[in-house]
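Working notes for the structure below.
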2 protein chains.
Amino acid sequence: MVENFNISERLAKRLKKTRKSKGLSLEATSKLSGVSRSMLSQIERGESSPTVATLWSLTRALQVDFAGLLDESDTGSTIKEVMRASRTPTINSQGEGCRIRILSPPDQAGQLEVYEILFTKNGALISAPHRQGCVEHMTVLEGALSVVAGDDGAELGAGDTIRYAADCRHSIRANGQPAKALLIVHNS
Amino acid sequence: MVENFNISERLAKRLKKTRKSKGLSLEATSKLSGVSRSMLSQIERGESSPTVATLWSLTRALQVDFAGLLDESDTGSTIKEVMRASRTPTINSQGEGCRIRILSPPDQAGQLEVYEILFTKNGALISAPHRQGCVEHMTVLEGALSVVAGDDGAELGAGDTIRYAADCRHSIRANGQPAKALLIVHNS
DNA sequence: CCTAATAATCCAATATATTGGATTGTATAT
DNA sequence: ATATACAATCCAATATATTGGATTATTAGG
């Protein structure tokens with residue numbers, strides 16, 4: 001078990017690694033971000049726990065985002081998980097007239113979930129709001145679908161992709177013909 | 001440091017909203033997180049830019065992650081983007097014997113990218129390391145594939161899903177028969 | 001109206017994050 | 001070895017994040 005250093009330790013290593021990988025000096029990074037070299041040095045040595053403001057500046061300068069910088073992605077084996085087809089769970093009609101195949105490993109629930117959804121002629125999938133900041137990506141594989149999220153709506157055909165906030169009521173509906181879609185839920 | 005205003009403001013609203021949505025008082029949140037009520041109050045009013053350490057405690061207590069708290073998902077229209085099938089770009093053979101259809105909107109590049117990959121009989125997709133923390137999800141739609149990431153490797157059949165770190169050299173290879181796969185890249 | 005009780009903000013004391021300049025370290029070239 | 005140039009760390013001064021306790025709302029009973 002690679003143990004949980006405190007958050008500052010992890011951040012330190014991540015920052016140093018990404019800065020070096022871009023071939024930047026502390027000075028250069030300082031000019032890019034507006035954070036002093038001294039501060040950068042301290043942060044990279046785990047002697048200071050930066051403010052969100054300064055961290056924000058750094059993420060902008062180094063072109064990384066908070067998730068990547070702070071998530072606890074272990075350094076263990078690079079392959080995190082394999083889920084076999086035989087164990088792929090299937091949910092029948094959570095709305096009406098649709099079947100859902102869960103393609104993502106269970107330990108990713110809430111982070112990044114991948115579903116294949118099969119709609120019957122007039123099937124629909126109606127969902128309550130998810131967590132604040134939750135976003136759904138959907139690509140239509142076959143047929144045609146209409147999406148409603150909050151007050152917005154859109155009509156999609158085969159091959160179309162839509163991205164919408166899912167922290168409000170949203171629904172996906174097949175119009176007149178069976179349809180198949182791929183749904184990716186981020187931060188549910 | 002012009003952007004501090006924004007980030008603190010956003011954070012403030014997000015925090016208050018999620019705390020309220022859980023029906024917690026400042027006192028309760030304080031006990032859960034170990035951060036003083038005063039601090040919480042200041043943060044929620046945008047008068048203080050918390051330290052990563054304290055922010056970390058808060059995310060643990062409120063069960064949200066940094067991405068959700070700080071990402072700039074504006075409250076504008078809920079539907080962020082629609083990409084039509086006719087505009088779906090296709091890349092031919094980045095490795096050898098594979099075609100890639102980009103299913104995600106371009107403004108999401110680097111955040112969440114979705115690809116459909118078509119392999120010929122012995123086609124392969126070989127990729128250089130992506131950003132630190134980058135993770136790829138892949139589901140095999142048809143055929144069989146072998147994946148190598150860093151020092152690990154795995155064999156996958158139709159319907160199987162794998163998740164692996166992509167901040168090191170990685171490759172996907174069809175063995176003996178044409179294959180189709182869905183690839184999701186997180187934080188490239 | 002008065003209390004009691006809980007929630008949020010204000011305030012002074014303290015800890016720590018952040019800065020600019022000085023110092024040390026590490027190369028490369030003369 | 002000396003000099004030059006740049007990169008990283010150390011150090012004192014300052015700004016600001018964080019805390020505990022006092023103060024003000026706000027609500028609910030009597």
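Numbered from 1 within each chain, the chains take letters A, B, ... in sequence-line order.
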For B:Thr51 and A:Thr51, indicate whether the former's side chain and the latter's backbone hold a donor-acceptor pair under 3.5 Å.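 Judged by distance alone, no pair lies under 3.5 Å.
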
Are B:Val114 and A:Val135 in one and the same hydrophobic cluster, where Ile, Leu, Val, Met, Phe, Trp and Tyr link if side-chain heavy atoms are under 4.5 Å apart?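 No, no single cluster joins them.
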
Where are the stems of DNA chain D, defined as at least 3 consecutive Watson-Crick or wobble G-U pairs with both distances under 3.5 Å?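 Consecutive-pair runs (3 or more) involving DNA chain D: C:1-30 with D:1-30.
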
Residues clustering with A:Val148 (ILVMFWY side chains joined when closer than 4.5 Å, directly or via others):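 Once heavy-atom contacts under 4.5 Å are chained together, A:Val148 still belongs with nothing else.
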
Just distance, no hydrogens or angles: give the donor-acceptor pairs under 3.5 Å from side chains in residues 170-182 of chain A, sequence neighbours left out.
{"unit_1": "A:His170", "atom_1": "ND1", "unit_2": "A:Cys168", "atom_2": "O", "d": "2.8"}
{"unit_1": "A:His170", "atom_1": "NE2", "unit_2": "A:Glu136", "atom_2": "OE2", "d": "3.1"}
{"unit_1": "A:Asn175", "atom_1": "ND2", "unit_2": "A:Glu155", "atom_2": "OE1", "d": "3.2"}

In B/S/- notation, 5' to 3', how is nucleotides 3-17 of chain C contacted by protein heavy atoms closer than 4.0 Å? ----SSBB------S

I'd like to check the side chain to side chain donor-acceptor pair (under 3.5 Å) partners of A:Arg19; sequence neighbours left out, ordered by chain and number.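 Partners of A:Arg19 by the side chain to side chain donor-acceptor pair (under 3.5 Å) criterion, ordered by chain and then number, come out as A:Glu44.
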
Residues that A:Lys22 engages under side chain to side chain donor-acceptor pair (under 3.5 Å), provided they are two or more places apart: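 None.
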
A side-chain contact here means heavy atoms from C-beta on lying under 4.5 Å apart; do B:Met138 and B:Leu145 qualify?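 In contact.
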
